[in-house]
Visitor: 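Take a look at this one; I'll ask things after.
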Amino acid sequence: MSTSDAETATTLAGVVTAVPGVARLYPSGGVLGQVSAALTSAITGANAGSDIAVDDGRIAIRIGVGPERAAAAVCRDVYTAARAWAVASGMPDAVIEVTAASVEPA
């Protein structure tokens, strides 16, 4: 992930965490991608990246949902916010995946 990609993902992370009911973000890349990013960061000193994956017309978001709203409603709102962000960022055809990785206890 380049510096501009990391900044892009960081900007989107701010949009996502502003959605009511989002308690936290989780790393969205697969295990191999996370290990690769960590190794690259350790070797080169570069930023390991963001919790949101923005790559090749695909946006992957994994969230923790708070107890105040239904997980499905929060995921829909995150999708809507990410879609608006993608359109404004010149990625109107991006595939967006939103996963509720956890639900916080009440």
Side-chain angles (χ1 to χ4, degrees):
M1 178 180 282
S2 71
T3 302
S4 62
D5 290 340
E7 291 169 0
T8 297
T10 300
T11 301
L12 179 54
V15 170
V16 169
T17 56
V19 172
V22 174
R24 68 184 71 226
L25 289 174
Y26 289 98
S28 59
V31 173
L32 292 178
Q34 292 174 28
V35 170
S36 174
L39 287 174
T40 300
S41 177
I43 293 168
T44 66
N47 186 348
S50 170
D51 289 334
I52 296 178
V54 179
D55 190 33
D56 295 330
R58 179 180 167 268
I59 299 170
I61 304 166
R62 293 183 68 217
I63 59 172
V65 178
E68 62 275 359
R69 296 184 62 212
V74 175
C75 285
R76 281 191 294 272
D77 289 350
V78 167
Y79 175 87
T80 300
R83 173 61 62 202
W85 177 88
V87 169
S89 298
M91 299 173 51
D93 298 326
V95 173
I96 300 172
E97 301 169 0
V98 179
T99 304
S102 70
V103 177
E104 302 289 320

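The first residue of the sequence shown is numbered 1, and numbering continues consecutively from there.
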Visitor: Please give me the minimum heavy-atom distance between Ala94 and Ala86, naming the atom from each residue.
Guide: CB-CB, 4.4 Å
Visitor: Quick one: closest heavy-atom pair of Leu25 and Ala13, and the distance?
Guide: CD1-CB, 3.7 Å
Visitor: How close do Ala81 and Val15 get, counting heavy atoms only, and between which atoms?
Guide: CB-CG1, 3.8 Å
Visitor: Under 3.5 Å, side-chain donor or acceptor atoms of residues 95-106 against the rest of the protein: list the pairs with distances, not counting sequence neighbours.
Guide:
{"from": "Glu97", "atom 1": "OE1", "to": "Arg58", "atom 2": "NH2", "distance (Å)": "2.9"}
{"from": "Glu97", "atom 1": "OE2", "to": "Arg58", "atom 2": "NE", "distance (Å)": "3.3"}
{"from": "Ser102", "atom 1": "OG", "to": "Tyr26", "atom 2": "OH", "distance (Å)": "2.9"}
{"from": "Glu104", "atom 1": "OE2", "to": "Arg24", "atom 2": "NE", "distance (Å)": "3.1"}
{"from": "Glu104", "atom 1": "OE2", "to": "Arg24", "atom 2": "NH2", "distance (Å)": "3.4"}

Visitor: Could you measure the distance from the CD1 atom of Ile52 to the OG1 atom of Thr11? Nearest 0.5 Å is fine.
Guide: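 Answer rounded to 0.5 Å: 10.0 Å.
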Visitor: State which residues pass side-chain hydrogen bond (donor to acceptor under 3.5 Å, both in side chains) with Arg83; sequence neighbours excluded, sorted by chain then number.
Guide: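 Arg83 satisfies side-chain hydrogen bond (donor to acceptor under 3.5 Å, both in side chains) with Tyr79 only.
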Visitor: Under 3.5 Å, side chain of Arg62 to main-chain N/O of Ser28, donor-acceptor pair present?
Guide: no
Visitor: According to side chain to side chain donor-acceptor pair (under 3.5 Å), does anything in residues 84-95 pair up with another residue at least two apart or in another chain? List the pairs.
Guide: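 Listed once each, the pairs would be none.
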Visitor: Using side-chain contact (heavy atoms from CB on, under 4.5 Å) as the criterion, point out the one residue from Thr10, Val16, Thr8 that pairs with Leu12.
Guide: Val16
Visitor: What heavy-atom pair brings Pro20 and Val74 nearest, and what distance separates the two atoms?
Guide: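 Scanning both residues completely, I find the closest heavy atoms to be O-CG2, 3.9 Å.
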